[in-house]
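Here is the structure we will look at, set down as structure tokens.
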Amino acid sequence: MKVLANDGISTSGVIALEKAGFEVILKTIAQEQLVNFINENKVVVLLVRSATQVRQDIIDNCPTLKIIGRGGVGMDNIDVDYAKEKGLNVINTPSASSHSVAELVFAHLFGMVRFLHDSNQNMPLEGDSKFKELKKAYAKGVELKGKTLGILGFGRIGQATAKVGLGVGMKIVAFDPFIDSAHIELEFFDGQTVNFTIDTISKEDVLKQADFISLHVPAQEDYVISTKEFNMMKDGAGIVNAARGGVIDEIALIKAIDEGKISNAALDVFEKEPNPEVQLLMNKNISLTPHIGAATNEAQNRIGEELASQIIEILR
Ligand SMILES: NC(=O)c1ccc[n+]([C@@H]2O[C@H](COP(=O)([O-])OP(=O)(O)OC[C@H]3O[C@@H](n4cnc5c(N)ncnc54)[C@H](O)[C@@H]3O)[C@@H](O)[C@H]2O)c1
């Protein structure tokens, strides 16, 4: 049986599938040629990430297809309900990248409390001529330990972020309209574990109590953080968005930074991807990454392996 991994899959995923007798095609077929390719090659499983669109044309015209698999979380590029109506299995790997995103949040947090994003720009330019001035400019760092991390959206990634925060010695407060309480288990290298139960509190209380806010909500119609919410936060708070572009009002963010309400922000996702606002890109108080939350080797391996095991389970 043939699996077409049109947007790629990890080597570990390929090995697992091949061991189970599948043939994995690692080509990227252009969108308009997909229907023909799938039919000519009798492809049974179509794996995609975010690039390939799986719409009604493919679902209706490819009778050999049994499974559509999305490596990752969001299924915006797949007509999921329609595919299921037509009897196809639609699978994804919602948990595989949670820890990678959580670590990226902390990469930003650790960086921003010590101004690393700015220092990394200025040291190459002036490190040899203005060392003492730069030393003074970056002298007022703070520690994360002992600070309060407010998490908005306490699902998979929110809880993974809480785990890292607890490990760092932070207090965690969280808001989620659909989750009252979460059990968090910290596992250590030697097999020891420490358990925490975190009861969620109101959004307003999270905003008021947190030194740093991290967003882990799905895309939604309204901003989760805009001027009203910035005004509720502590003066000088920090904020990280590694969830979805559009959950923070970027104009309100720039204003809050300019007014000193927010001391630092970090963005991995943007309202206008792939062309974020230049005002954000040029702001020295914003630590920036180009939507790489899930982009670690470990997450890619887990995604490939999880897809492989689900495919084997369904088709065996
Ligand atoms: N940066 C990246 O590369 C990257 C990678 C993977 C996922 N993500 C994004 O991270 C986000 C979280 O993913 P997840 O896997 O944890 O999802 P999840 O579904 O497990 O958790 C999301 C939680 O948010 C809660 N929620 C919904 N609306 C809310 C609101 N207004 N306020 C507070 N909580 C709210 C939900 O009840 C849910 O518990 C998603 O937007 C996802 O697209 C980003």
Side-chain angles (χ1 to χ4, degrees), residues 10-13 15-16 71-74 91-114 142-203 205-207 209-218 237-243 266 268 289 292-310 312-313:
S10 68
T11 308
S12 57
I15 291 171
V73 190
I91 57 174
N92 68 346
T93 59
S95 308
S97 53
S98 301
H99 184 74
S100 296
V101 180
E103 284 200 9
L104 183 73
V105 169
F106 272 85
H108 279 296
L109 284 172
F110 276 119
M112 79 197 202
V113 292
R114 306 303 287 270
V142 294
E143 294 179 352
L144 293 180
K145 185 177 179 194
K147 302 294 186 304
T148 299
L149 176 64
I151 297 177
L152 299 177
F154 211 36
R156 290 174 289 255
I157 300 176
Q159 292 180 32
T161 304
K163 223 173 182 178
V164 182
L166 289 165
V168 170
M170 299 184 85
K171 177 181 173 184
I172 305 296
V173 290
F175 164 68
D176 191 304
F178 301 105
I179 294 178
D180 295 330
S181 181
H183 173 75
I184 312 265
E185 185 177 83
L186 263 67
E187 309 104 3
F188 294 89
F189 71 98
D190 59 356
Q192 291 190 65
T193 55
V194 179
N195 293 289
F196 290 82
T197 299
I198 296 178
D199 298 330
T200 54
I201 57 175
S202 72
K203 180 176 174 182
D205 284 341
V206 169
L207 295 173
Q209 291 177 26
D211 299 297
F212 304 93
I213 297 281
S214 191
L215 286 124
H216 299 290
V217 297
I239 187 160
V240 182
N241 183 14
D268 184 50
T289 43
I292 55 164
T296 63
N297 295 340
E298 290 83 353
Q300 298 317 309
N301 284 338
R302 280 193 296 266
I303 285 170
E305 288 156 20
E306 274 186 36
L307 284 173
S309 70
Q310 290 183 69
I312 293 163
E313 179 70 32

Interatomic spacing from NZ in K171 to CD1 in I198 - rounded to 0.5 Å:
10.5 Å
Evaluate the side-chain proximity of I213 to F175: yes if any heavy-atom separation is below 4.5 Å, no if none is.
no
Around N297, counting heavy atoms of other residues, nucleotides and ligands shown, do more than 12 lie under 6.0 Å from its CG?
no
CG-CG distance between L215 and D268, expressed to the nearest 0.5 angstrom:
12.5 Å
Closest non-hydrogen atom pair, S100 against A294:
CB-CA, 4.3 Å
Search all heavy atoms of A160 against all heavy atoms of S98 and return the closest pair with its distance.
CB-O, 3.8 Å
Can you name the nearest heavy-atom pair linking A210 to G150, along with the distance?
CB-N, 3.5 Å
Of all the heavy-atom pairs spanning G293 and L104, show the shortest one and how long it is.
CA-CD2, 3.7 Å
Side chains of T200 and V206: does their closest heavy-atom pair fall under 4.5 Å?
no
Heavy-atom pair with the smallest gap, counting every atom of I151 and G158
CD1-O, 3.4 Å
So, do T161 and L149 sit near enough that their side-chain heavy atoms are less than 4.5 Å apart?
yes
Between V142 and D211, is the side-chain contact (heavy atoms from CB on, under 4.5 Å) condition met? List the steps.
CA-CA 11 Å; V142 294; D211 299 297; over 6 Å; no
When rounded to the nearest 0.5 angstrom, what distance separates CG in N241 from OG in S214?
8.0 Å
Quick one: salt bridge (Lys or Arg N to Asp or Glu O under 4.0 Å) partners of E185, sequence neighbours excluded?
none
Supply the atom-to-atom distance D180 CG to I201 CD1, rounded to the nearest 0.5 angstrom.
13.0 Å
Gap separating the OG1 atom of T11 from the CG atom of N301, nearest 0.5 angstrom
7.5 Å
Apply side-chain contact (heavy atoms from CB on, under 4.5 Å) to the pair T296 and E103, showing each step before the final yes or no.
CA-CA 10 Å; T296 63; E103 284 200 9; over 6 Å; no
Under a 3.5 Å cutoff, is there a donor and acceptor pairing between the side chains of S12 and E305?
yes
Nearest-0.5 Å distance, CD of residue Q159 to CZ of residue F154
5.0 Å
Please examine the side chains of V73 and R156, heavy atoms only from C-beta on, and report whether any two atoms are closer than 4.5 Å.
yes
Flag, side chain of S202 to backbone of D205, donor-acceptor distance under 3.5 Å:
yes
Measuring only between side-chain heavy atoms, which start at C-beta, is L186 closer than 4.5 Å to F196?
yes
Any non-hydrogen side-chain atom of K147 less than 4.5 Å from a side-chain atom of V113?
no
Would you say the side chain of R302 lies within less than 4.5 Å of the side chain of T93, judging by non-hydrogen atoms?
no
Closest approach of H216 and G153, non-hydrogen atoms and distance?
CB-O, 3.4 Å
Heavy-atom count around F188 CZ within 6.0 Å, excluding the residue itself: above 12?
yes
Using the side-chain contact (heavy atoms from CB on, under 4.5 Å) rule, take V164 and V105 through it: C-alpha gap first, then chi angles, then the decisive distance, then the call.
CA-CA 9 Å; V164 182; V105 169; over 6 Å; no
Run the numbers on T148 and V173 for side-chain contact (heavy atoms from CB on, under 4.5 Å), then give the verdict.
CA-CA 7 Å; T148 299; V173 290; 3.7 Å; yes
